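For clarity, every value in this text was computed on a predicted model and none was experimentally measured.
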Amino acid sequence: MFKHGVLASVAGGIILSLLTTAAESAQASTLVFSGSGATTNTAFNDFRTAIGGGSRINWDGVRLDGTDANPNTQIIDLGKTVAIPVDRFQGAGAIRFS
């Protein structure tokens, strides 16, 4: 029983040491995803992979008749143009920068 406890303690110490070392060496870095023409789709897919997936904004889902999912949508030209609030696509992963 004692040997197992020592082994678990040593293993736990090694794992903790590895996690601490990884956390101390972690630094933010800038990644650039650039593409045009034939490489656009590849660059976009690389970006989506880097952020762990992602979703797209479905502009077709924005109602133009004042019955949009967000009650703060304002009609500018009925059936043609609306002003949507900054948090309209927050559920799709869009974020607002101030």
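- Here the straight-line distance linking atom CG of Asn70 with atom CD1 of Ile84 works out to 8.5 Å at 0.5 Å rounding.
- Exactly one residue among Val82, Asn72, Val62 makes a side-chain contact (heavy atoms from CB on, under 4.5 Å) with Arg88. That residue is Val62.
- Leu31 and Phe44 sit in two unconnected hydrophobic clusters of ILVMFWY residues. Membership requires side-chain heavy atoms under 4.5 Å apart, directly or through other members.
- Atoms CZ and OG1, from Phe33 and Thr49 in turn, are 8.5 Å apart once rounded to the nearest 0.5 Å.
- One finds the CD1 atom of Ile75 at 11.0 Å from the CZ atom of Arg63 (value rounded to the nearest 0.5 Å).
- Here the closest non-hydrogen pair linking Gly61 and Asp68 is O-OD1, 3.6 Å.
- Here the closest non-hydrogen pair linking Ser34 and Ala43 is O-CB, 3.5 Å.
- Taking all atoms of both residues into account, the shortest heavy-atom contact from Thr67 to Asp65 is OG1-OD1, 2.5 Å.
- Ile76 and Trp59 fall into different hydrophobic clusters, where Ile, Leu, Val, Met, Phe, Trp and Tyr are joined by side-chain heavy atoms under 4.5 Å apart, directly or via other members.
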